[in-house]
Amino acid sequence: TPIIYLPRSHRTYSCVHCRAHLARHEELISKSFQGSHGRAYLFNSVVNVGCGPAEQRLLLTGLHSVADIFCQSCKTTLGWKYEQAFESSQKYKEGKFIIEMSHMVKENGWD
(Lines give C-alpha, C1' and ligand atoms only; values in the text may rest on other atoms or scores of the structure.)
Protein backbone atom coordinates (compact mmCIF):
# COMPACT_ATOMS: atom_id res chain seq x y z
CA THR A 1 0.00 0.00 0.00
CA PRO A 2 1.50 3.37 -0.96
CA ILE A 3 2.14 5.87 1.82
CA ILE A 4 -0.26 8.84 1.90
CA TYR A 5 1.22 12.28 2.50
CA LEU A 6 -1.08 14.86 4.07
CA PRO A 7 -0.84 18.47 2.81
CA ARG A 8 1.89 20.56 4.47
CA SER A 9 -0.74 23.23 5.12
CA HIS A 10 -2.35 21.00 7.78
CA ARG A 11 -1.13 20.35 11.30
CA THR A 12 -0.51 16.63 11.38
CA TYR A 13 0.36 13.78 13.69
CA SER A 14 3.07 11.44 12.41
CA CYS A 15 4.64 8.16 13.51
CA VAL A 16 7.47 8.97 15.91
CA HIS A 17 9.43 5.98 14.62
CA CYS A 18 9.38 6.59 10.84
CA ARG A 19 7.55 9.94 10.40
CA ALA A 20 4.76 8.51 8.22
CA HIS A 21 1.70 10.76 8.46
CA LEU A 22 -1.10 9.36 10.65
CA ALA A 23 -3.81 12.01 11.02
CA ARG A 24 -4.76 15.63 10.51
CA HIS A 25 -5.39 17.67 13.66
CA GLU A 26 -8.96 18.27 12.42
CA GLU A 27 -9.66 14.54 12.86
CA LEU A 28 -8.87 14.66 16.60
CA ILE A 29 -11.92 13.96 18.76
CA SER A 30 -10.43 13.70 22.25
CA LYS A 31 -7.11 13.84 24.11
CA SER A 32 -8.60 12.16 27.20
CA PHE A 33 -8.05 8.48 26.43
CA GLN A 34 -5.90 5.79 27.98
CA GLY A 35 -4.00 3.36 25.78
CA SER A 36 -2.28 0.14 26.77
CA HIS A 37 0.94 2.02 27.63
CA GLY A 38 -0.17 5.53 28.59
CA ARG A 39 -2.17 8.49 27.32
CA ALA A 40 -3.80 8.29 23.92
CA TYR A 41 -5.84 10.38 21.49
CA LEU A 42 -9.11 9.40 19.79
CA PHE A 43 -9.31 10.19 16.06
CA ASN A 44 -12.22 10.12 13.64
CA SER A 45 -10.02 8.90 10.77
CA VAL A 46 -6.36 8.05 10.17
CA VAL A 47 -4.08 7.28 7.21
CA ASN A 48 -1.15 4.91 6.69
CA VAL A 49 -2.33 2.34 9.23
CA GLY A 50 -3.07 -1.34 8.89
CA CYS A 51 -5.60 -3.20 10.98
CA GLY A 52 -5.27 -6.56 12.69
CA PRO A 53 -8.09 -8.96 13.51
CA ALA A 54 -10.86 -7.81 15.85
CA GLU A 55 -11.07 -9.24 19.34
CA GLN A 56 -13.12 -8.54 22.43
CA ARG A 57 -11.34 -6.64 25.21
CA LEU A 58 -12.50 -5.38 28.56
CA LEU A 59 -11.32 -1.76 28.60
CA LEU A 60 -11.74 0.94 31.24
CA THR A 61 -15.13 1.87 29.76
CA GLY A 62 -16.46 -1.67 29.33
CA LEU A 63 -16.39 -4.48 26.81
CA HIS A 64 -15.47 -3.52 23.23
CA SER A 65 -14.53 -5.32 20.04
CA VAL A 66 -11.24 -3.73 18.92
CA ALA A 67 -8.55 -4.36 16.31
CA ASP A 68 -4.93 -3.34 16.84
CA ILE A 69 -3.65 -0.79 14.32
CA PHE A 70 -0.08 -0.51 13.12
CA CYS A 71 1.98 1.90 11.01
CA GLN A 72 1.91 0.78 7.35
CA SER A 73 5.48 2.00 6.94
CA CYS A 74 7.41 0.64 9.97
CA LYS A 75 4.82 -1.87 11.32
CA THR A 76 4.89 -0.45 14.88
CA THR A 77 1.66 -1.09 16.81
CA LEU A 78 0.13 2.35 17.44
CA GLY A 79 -3.17 1.65 19.22
CA TRP A 80 -6.49 0.20 18.10
CA LYS A 81 -9.68 0.72 16.15
CA TYR A 82 -13.03 0.41 17.90
CA GLU A 83 -15.07 -2.06 15.86
CA GLN A 84 -18.01 -2.44 18.25
CA ALA A 85 -19.06 -1.08 21.62
CA PHE A 86 -21.43 -3.21 23.68
CA GLU A 87 -22.72 -0.41 25.93
CA SER A 88 -24.98 2.25 24.43
CA SER A 89 -23.04 5.11 26.03
CA GLN A 90 -19.89 3.96 24.19
CA LYS A 91 -21.36 3.56 20.67
CA TYR A 92 -19.84 6.89 19.55
CA LYS A 93 -16.42 5.18 19.51
CA GLU A 94 -17.34 2.67 16.81
CA GLY A 95 -15.18 3.11 13.72
CA LYS A 96 -12.83 5.50 15.55
CA PHE A 97 -9.11 5.10 16.25
CA ILE A 98 -6.92 5.30 19.36
CA ILE A 99 -3.25 6.25 18.88
CA GLU A 100 -0.97 6.32 21.89
CA MET A 101 0.91 9.57 22.41
CA SER A 102 4.24 7.75 22.76
CA HIS A 103 3.96 6.73 19.08
CA MET A 104 3.10 10.17 17.63
CA VAL A 105 4.86 13.42 16.92
CA LYS A 106 3.26 16.73 15.91
CA GLU A 107 4.39 18.22 12.58
CA ASN A 108 3.63 21.22 10.33
CA GLY A 109 2.75 24.54 11.91
CA TRP A 110 2.21 23.81 15.62
CA ASP A 111 4.16 26.90 16.74
Side-chain angles (χ1 to χ4, degrees):
T1 307
I3 297 298
I4 295 169
Y5 295 94
L6 298 171
R8 288 200 171 275
S9 59
H10 291 98
R11 293 183 294 170
T12 59
Y13 296 92
S14 299
C15 177
V16 72
H17 309 285
C18 71
R19 293 295 205 259
H21 290 170
L22 298 174
R24 294 183 318 134
H25 180 64
E26 291 76 15
E27 296 298 322
L28 177 66
I29 297 170
S30 175
K31 297 179 179 182
S32 302
F33 276 74
Q34 186 69 29
S36 300
H37 304 100
R39 290 187 54 211
Y41 288 1
L42 180 69
F43 290 93
N44 193 46
S45 67
V46 295
V47 296
N48 300 320
V49 299
C51 218
E55 62 183 35
Q56 289 187 3
R57 290 188 197 153
L58 186 57
L59 303 174
L60 293 173
T61 55
L63 185 64
H64 295 79
S65 176
V66 298
D68 286 339
I69 60 171
F70 57 89
C71 177
Q72 263 319 103
S73 179
C74 70
K75 308 303 183 209
T76 299
T77 298
L78 303 169
W80 61 81
K81 178 182 181 184
Y82 287 101
E83 297 288 349
Q84 185 179 5
F86 295 102
E87 295 180 26
S88 59
S89 65
Q90 302 300 308
K91 291 285 187 187
Y92 75 96
K93 296 177 185 175
E94 292 181 346
K96 309 293 191 289
F97 300 84
I98 286 286
I99 300 179
E100 295 186 357
M101 287 182 60
S102 61
H103 297 300
M104 297 187 292
V105 62
K106 295 176 179 178
E107 294 190 317
N108 298 337
W110 287 90
D111 303 348

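The residues of the chain are indexed from 1 along the displayed sequence. Keep in mind that this is a model prediction, so the values were computed, not measured.
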Which side-chain N or O atoms in residues 55-78 pair as donor and acceptor under 3.5 Å with protein atoms at least two apart or in another chain?
| from | atom 1 | to | atom 2 | distance (Å) |
| --- | --- | --- | --- | --- |
| Glu55 | OE2 | Arg57 | NE | 2.8 |
| Glu55 | OE2 | Arg57 | NH2 | 3.1 |
| Arg57 | NH1 | Asp68 | OD1 | 3.1 |
| Arg57 | NH2 | Asp68 | OD1 | 2.7 |
| Arg57 | NH2 | Asp68 | OD2 | 3.1 |
| Thr61 | OG1 | Gln90 | OE1 | 3.4 |
| Thr61 | OG1 | Lys93 | NZ | 2.8 |
| His64 | ND1 | Gly62 | O | 2.9 |
| Gln72 | OE1 | Gly50 | N | 3.2 |
| Lys75 | NZ | Gln72 | O | 2.9 |

Distance-only criterion, 3.5 Å: show the donor-acceptor pairs between side-chain atoms of residues 8-18 and protein atoms not counting sequence neighbours.
| from | atom 1 | to | atom 2 | distance (Å) |
| --- | --- | --- | --- | --- |
| His10 | NE2 | Arg24 | NH1 | 3.2 |
| Arg11 | NH2 | His25 | NE2 | 3.4 |
| Tyr13 | OH | His25 | ND1 | 3.1 |
| Ser14 | OG | Glu107 | OE1 | 2.6 |
| His17 | NE2 | His103 | ND1 | 3.0 |

Check: Apart from Leu6 itself, which Ile, Leu, Val, Met, Phe, Trp or Tyr residues share its cluster (side-chain heavy atoms under 4.5 Å, direct or through members)?
Finding: Ile4, Val47
Notebook entry, point to check: Cluster partners of Ile3, using ILVMFWY side-chain heavy atoms under 4.5 angstrom, listed by chain and number?
Noted result: Tyr5
Check: To the nearest 0.5 Å, how far apart are NZ in Lys91 and CZ in Phe86?
Finding: 7.5 Å
Side-chain polar contacts of residues 29-45 - donor-acceptor pairs under 3.5 angstrom, sequence neighbours left out - could you list them?
| from | atom 1 | to | atom 2 | distance (Å) |
| --- | --- | --- | --- | --- |
| Ser30 | OG | Ser32 | N | 3.0 |
| Asn44 | ND2 | Glu27 | OE1 | 3.4 |
| Ser45 | OG | Glu27 | OE1 | 2.9 |

Note to self: List the residues meeting side chain to side chain donor-acceptor pair (under 3.5 Å) with Lys106, not counting sequence neighbours, and say none if there are none.
What the structure shows: none
Next item on the list: Establish whether Leu28 and Val49 are linked, either directly or via other cluster members, by ILVMFWY side-chain heavy-atom contacts under 4.5 Å.
Entry: yes
